[in-house]
Protein chains: 2
Amino acid sequence: MDAKTQATYEVRARILKALAHPSRLFMVDVLSRGERCVCELTELVGADMSTVSKHLSVLKAAGILADEKRGMQVYYSLKVPCVMGFFDCVSEVLTSRTVDRDGKAPVCQRR
Amino acid sequence: MDAKTQATYEVRARILKALAHPSRLFMVDVLSRGERCVCELTELVGADMSTVSKHLSVLKAAGILADEKRGMQVYYSLKVPCVMGFFDCVSEVLTSRTVDRDGKAPVCQRR
DNA sequence: ACATCAGTTGGCGAAATGGCCAATTAGTTG
DNA sequence: CAACTAATTGGCCATTTCGCCAACTGATGT
């Protein structure tokens with residue numbers, strides 16, 4: 001794998017990595033239904049606000065969320081609508097895994 | 001976040017986590033164009049075979065890949081065609097991030 | 001049986017991640 | 001200005017991840 005190819009996959013992996021945490025995934029799901037301030041998300045997640053804030057900064061750094069300060073609150077919103085499509089695919093992975101009892105699961109066709 | 005919700009997002013995050021590594025992402029991309037044995041992937045990735053083997057077992061455990069031993073080689077294949085759809089979405093995230101100069105990036109509509 | 005090649009597994013050290021607490025910044029209100 | 005709330009940041013520690021090496025398993029060939 002040459003340096004350029006390596007760099008391409010590193011960038012992509014960084015975005016997936018940002019999504020690959022239960023709390024972050026949950027917050028993305030919540031935000032897909034509308035913006036929320038940190039204190040709301042903190043209550044929904046049920047963790048320390050500092051923890052939630054760090055999770056949000058990870059998602060923001062990955063370009064998935066946008067933040068806007070209004071008054072005393074900071075509101076986060078989902079920048080990329082298609083992110084929710086991930087979940088459908090993830091569910092498909094789950095289904096194919098449970099169906100795969102006899103090793104005859106469908107194999108990916110060439111794209 | 002109640003226990004059931006927590007469990008749901010943990011399962012989903014585990015799958016994203018499996019994909020969230022440059023080498024693993026690269027291998028999934030390669031496998032989307034057809035099956036490959038470990039030795040071929042090892043050469044393509046350019047790492048130790050033990051490292052590649054462990055990466056493959058992570059993807060297999062997540063239900064993303066299937067493996068089949070034929071003779072001396074073990075062939076891995078992509079079980080979930082839709083996984084490649086991830087990449088299109090990821091690219092969209094990348095685009096929206098670079099476009100976002102004036103803080104006017106498109107915000108996700110409710111689903 | 002022995003050597004060889006493909007692959008997996010265990011172990012080790014280095015680095016990254018996650019979560020809480022404490023300290024700090026920044027609006028808001030009295 | 002002082003008190004309060006929202007949010008971020010730094011620090012610390014436990015856990016996980018990553019990648020190489022070495023050892024082991026299994027099929028193939030001589």
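Just so we're on the same page: letters track the sequence lines, and every chain starts at 1.
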Practice prompt. Name all residues meeting the side-chain hydrogen bond (donor to acceptor under 3.5 Å, both in side chains) criterion together with A:S57; count only those two or more places apart in sequence or in a different chain, and write none if there are none.
Written response: none
Discussion item. The criterion is side-chain hydrogen bond (donor to acceptor under 3.5 Å, both in side chains); which residues satisfy it with B:Q6, sequence neighbours excluded?
Written reply: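 Result, side-chain hydrogen bond (donor to acceptor under 3.5 Å, both in side chains) vs B:Q6: B:E10.
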Worksheet entry | B:Y75: partners by ring-ring contact (aromatic ring centres under 6.0 Å, His included), with sequence neighbours left out | none
Does [X] make a side-chain N or O approach to OP1 or OP2 of [N] shorter than 4.0 Å?
X     : N      : answer
A:K69 : D:dT8  : no
B:H21 : D:dG19 : yes
A:R70 : D:dA6  : no

Which whole-number value in Å describes the distance from [X] [atom1] to [N] [atom2]?
X     : N      : atom1 : atom2 : answer
B:M27 : D:dG19 : CE    : C1'   : 13 Å
B:Q73 : D:dG29 : CD    : C1'   : 14 Å
B:L56 : D:dC18 : CG    : C1'   : 15 Å
A:E10 : D:dT17 : CD    : P     : 19 Å
A:R14 : D:dC18 : CZ    : P     : 14 Å
B:L25 : D:dC18 : CG    : P     : 13 Å

Discussion item. Applying salt bridge (Lys or Arg N to Asp or Glu O under 4.0 Å), can you list everything that pairs with B:E68, at least two apart in sequence or on another chain?
Written reply: B:R70
Worksheet entry | Non-neighbouring partners of B:D48 that pass salt bridge (Lys or Arg N to Asp or Glu O under 4.0 Å), sequence neighbours left out | none
Discussion item. Holding to side chain to side chain contact (heavy atoms under 4.5 Å, CB included), I want the full list of residues that pass it with B:E43, two or more places apart in sequence or in another chain.
Written reply: none
Worksheet entry | Counterpart residues, side chain to side chain contact (heavy atoms under 4.5 Å, CB included), relative to A:T8 (two or more places apart) | A:R12
Worksheet entry | Minimum-distance pair of heavy atoms, taken over all atoms of A:A18 and A:A62 |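 That closest heavy-atom pairing would be CB-CB, 3.5 Å.
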Worksheet item: For A:Y75, which contact category applies under a 4.0 Å heavy-atom criterion: base, sugar-phosphate, or nothing?
Response: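 Answer is nothing: A:Y75 stays at 4.0 Å or more from every strand.
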Worksheet item: What are the 5'-most and 3'-most nucleotides of DNA chain C lying under 4.0 Å from any heavy atom of chain B?
Response: C:dC5 to C:dG11
Discussion item. Please verify the inter-ring angle class for B:H55 with B:H21; under 30° counts as parallel, over 60° as perpendicular, anything in between as tilted.
Written reply: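 Ring orientation of B:H55 relative to B:H21: tilted.
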Hey, what are the protein-to-nucleotides 20-24 of chain D N/O distances that come in under 3.5 Å?
residue: D:dC20; atom: OP2; partner: B:D48; partner atom: N; Å: 3.4
residue: D:dC20; atom: OP2; partner: B:T51; partner atom: OG1; Å: 3.0
residue: D:dC20; atom: N4; partner: B:K54; partner atom: NZ; Å: 3.0
residue: D:dC21; atom: N4; partner: B:S50; partner atom: OG; Å: 2.9

Worksheet entry | First encountered from the 5' end of DNA chain D, between A:K17 and A:S53 | A:S53
